[in-house]
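In this chain, residues are counted from 1 in sequence order. All ligand and atom numbering here is 1-based and tracks the order in the structure. All values below were derived from every heavy atom in this structure, side-chain atoms included, with hydrogens, water molecules and symmetry-related copies excluded.
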Amino acid sequence: MTLGQKQRKFTLMIAKLIEFAYENGYELTFGDAYRDPRVHGDVGVKKSYSSANSLHKQRLAVDFNLFKDGKFLTSTEDHLPLGEFWESMGGSWGGRFNDGNHYSLAHGGRK
Ligand SMILES: [Zn+2]
């Protein structure tokens with residue numbers, strides 16, 4: 001699978017994750033999605049708060065802000081239902097490495 005094919009698959013997976021969230025009483029806003037390398041540095045380059053090898057730089061990661069009943073839910077545990085759904089589709093959930101709002105598709109050994 002090429003990077004472009006993987007990016008397009010990731011986007012469709014994100015659509016399904018958003019639908020799953022709303023069907024289960026949650027609401028979402030986007031946190032960081034794409035991190036432009038002109039701002040954050042090319043893959044492998046540390047130029048901002050972003051990690052040097054972040055998948056956000058390759059359109060393969062999104063951070064979501066999670067809400068239920070109008071309340072902003074911030075803990076990794078709060079994201080667990082979405083994380084497990086995301087993993088069931090083959091995604092990598094940041095809750096497994098203390099980054100609970102991070103949903104990515106592994107690439108080149110990175111999550
Ligand atoms: Zn992230």
- Message: Whether the H56 and D63 side chains hold a donor-acceptor pair (N or O, under 3.5 Å, no angle test) is what I'd like checked.
- Response: yes
- Kindly indicate whether the side chain of N65, heavy atoms from C-beta on, has any atom under 4.5 Å from the side chain of F30. no
- Looking at CG of L73 and CG of L82, how far apart are the two atoms once the value is rounded to the nearest 0.5 Å? 10.0 Å
- Sum of protein N, O or S atoms, each under 2.8 Å from the Zn ion (ligand 1): 3
- Query: Taking NZ, NE, NH1 and NH2 as the nitrogens, is one of them in K71 or D69 under 4.0 Å from a carboxylate oxygen of the other?
  - Reply: no
- Task: Drop me the distance from L66's CG to H79's NE2, to the nearest 0.5 angstrom.
- Result: 4.5 Å
- Message: K6: which residues meet the side chain to side chain donor-acceptor pair (under 3.5 Å) condition with it, sequence neighbours left out?
- Response: H107
